[in-house]
Amino acid sequence: MKITIGHLYPDLLNLYGDRGNIQCLMKRCQWRGIEAETIPFELDDKIDFSKLDIVLLGGGSDREQMIVCEKLQKIQPDFKAYVEDNGVVIAICGGYQLLGKYYKTDQGNMKGLDLVDLYTEQGEGRLIQNIVLQSELFDMPIVGFENHGGRTCINNNKPLGKVLYGAGNDGKSGYEGVVYKNVIGTYLHGPLLPKNPQLADWLIQHALERKYGKETELTPLDDSQEKEANDYIYYRFVRG
């Protein structure tokens, strides 16, 4: 078995340790004997989504998002087709905002990819803190760090999780992130996946099942260190 990960525009969208997310996915595949490769795409590269099993759209500043935004419009039809065909996507922070219809900022409106029915508008002040979620997808909490000025409305979509500590999508709804088909969008970074092996494995499993057309059970790994890092955040901010 083999997985190919597409890392979109890492030179611009790598503000929050997204290469750590890539390394985590790669290692968790390799430890199981699953061949894995990552293809980084720069702004002028042509992207063939049919050859990708997981796509990572990382975080960047508003300025960097503006730069990427125009390029994303050119690949939007292919990206949309990939998503609707159950392509696996993990979008972090700025990448999460770009999944939607638009991101309204003080500097103007950024047109999004319109891959998911959501939108973001800049709010007063930034939401900066550790954050803990309980997700219906997992028994284990999801932990991370949030730092965003945008407030995201996911309309009728399913959230990634309920906020146990932190602000989440907008600081009001009590929910964070979005799940649409095999797309996960979230403000959590730090990076996200090393402290949340259950989420990394969700991406890998769904990618394999889509590619090979059959149910896949991943070989369990020794996640004692990962769970210890996860527990530290959970018990410090939720149970402490």
Side-chain angles (χ1 to χ4, degrees), residues 6-16 18 41-45 47 49 52 55-128 131 133 144-161 163 166-189 192:
H7 190 177
L8 303 194
Y9 318 129
D11 54 332
L12 293 169
L13 300 181
N14 188 40
L15 189 59
Y16 297 117
D18 292 313
F41 292 98
E42 308 302 335
L43 278 180
D44 294 327
D45 292 342
I47 302 173
F49 284 93
L52 302 179
V55 172
L56 185 142
L57 189 60
S61 68
D62 289 353
R63 174 185 169 276
E64 289 161 333
Q65 284 177 254
M66 286 281 193
I67 294 171
V68 167
C69 192
E70 184 178 344
K71 187 65 179 180
L72 286 174
Q73 297 308 313
K74 297 178 182 177
I75 66 169
Q76 194 275 347
D78 291 340
F79 205 166
K80 180 76 171 177
Y82 171 80
V83 165
E84 292 303 315
D85 190 37
N86 292 311
V88 178
V89 179
I90 177 71
I92 309 289
C93 205
Y96 172 29
Q97 294 168 341
L98 289 169
L99 289 179
K101 295 181 180 299
Y102 66 86
Y103 176 24
K104 185 177 181 181
T105 74
D106 292 340
Q107 286 73 44
N109 272 18
M110 259 186 277
K111 187 178 179 183
L113 282 160
D114 200 13
L115 303 180
V116 182
D117 181 19
L118 61 86
Y119 64 87
T120 302
E121 296 183 352
Q122 190 170 343
E124 187 174 339
R126 297 189 69 82
L127 304 175
I128 308 174
I131 180 167
L133 313 178
F145 193 81
E146 60 180 337
N147 180 357
H148 54 102
R151 273 60 166 175
T152 297
C153 173
I154 64 170
N155 293 315
N156 293 320
N157 285 295
K158 181 180 177 180
L160 175 58
V163 176
N169 284 331
D170 55 11
K172 297 177 181 177
S173 67
Y175 293 96
E176 202 285 326
V178 71
V179 180
Y180 173 74
K181 291 182 176 281
N182 285 337
V183 176
I184 288 181
T186 177
Y187 278 115
L188 275 65
H189 49 77
L192 170 69

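Please read all numbers here as calculations on a predicted model, not as lab measurements. Residues: numbered from 1 along the sequence shown.
By the ring-ring contact (aromatic ring centres under 6.0 Å, His included) test, Y175 pairs with no residue at all, sequence neighbours left out. D85 meets the side chain to side chain contact (heavy atoms under 4.5 Å, CB included) test with R210; sequence neighbours excluded.
Side-chain contact between I75 and Y82 is absent, with no heavy-atom pair separated by less than 4.5 Å. Here the side chains of D45 and Y9 are not in contact, with every heavy-atom distance at 4.5 Å or above. Side chains of L188 and L133 form a contact here, defined as non-hydrogen atoms less than 4.5 Å apart. A heavy-atom distance below 4.5 Å is found between the side chains of L192 and T186.
Taking each heavy atom of C93 and G59 in turn, the nearest pair found is CB-CA, 4.4 Å. Nearest heavy atoms, K181 versus E84: CE-OE1, 3.1 Å. Heavy-atom minimum distance, Q73 versus P77: O-CD, 4.0 Å. Between L113 and Q76 the shortest heavy-atom distance is O-NE2, 2.8 Å. In this structure, G168 and H148 approach most closely via the heavy-atom pair O-CE1, 3.1 Å.
At least one donor-acceptor pair under 3.5 Å links the side chain of K71 to the backbone N or O of L43. The backbone N or O of D117 lies less than 3.5 Å from a partner atom in the side chain of N157, making a donor-acceptor pair. Judged by distance alone, the side chain of E146 and the main-chain N or O of A167 form a donor-acceptor pair under 3.5 Å. Between the side chain of N86 and the main chain of N182, no donor-acceptor pair closer than 3.5 Å is present.
Rounding to the nearest 0.5 angstrom, the gap separating the CG atom in L56 from the CG atom in L8 is 7.5 Å. With rounding to the nearest 0.5 angstrom, the CG atom of L118 is 10.0 Å from the CG atom of L98. Interatomic distance, C69 SG to M110 CE, rounded to the nearest 0.5 Å: 6.5 Å. Taking CG of L52 as the start and NE2 of H7 as the end, the distance is 12.5 Å to the nearest 0.5 Å. The distance from the CZ atom of R151 to the CD atom of E124 is 8.5 Å, given to the nearest 0.5 Å. Residue N147 holds its CG atom at 11.0 Å from OH of Y187, rounded to the nearest 0.5 Å.
Remark: the Y102 side chain and the E121 side chain contain an N/O donor-acceptor pair separated by less than 3.5 Å. Under the 3.5 Å distance criterion, with hydrogens and angles disregarded, no donor-acceptor pair is assigned to the side chains of Q97 and T152. Between the side chains of N169 and Y96, at least one donor N or O lies within less than 3.5 Å of an accepting N or O.
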Practice task
Just do the side chain to side chain contact (heavy atoms under 4.5 Å, CB included) check on Y180 and V83 with the steps written out, would you?
Solution key: CA-CA 9 Å; Y180 173 74; V83 165; 3.8 Å; yes
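Screening residues 92-113 for salt bridge (charged side-chain N to carboxylate O under 4.0 Å, His left out) gives K101-D114 as the qualifying pairs, with residues at least two apart or on separate chains.
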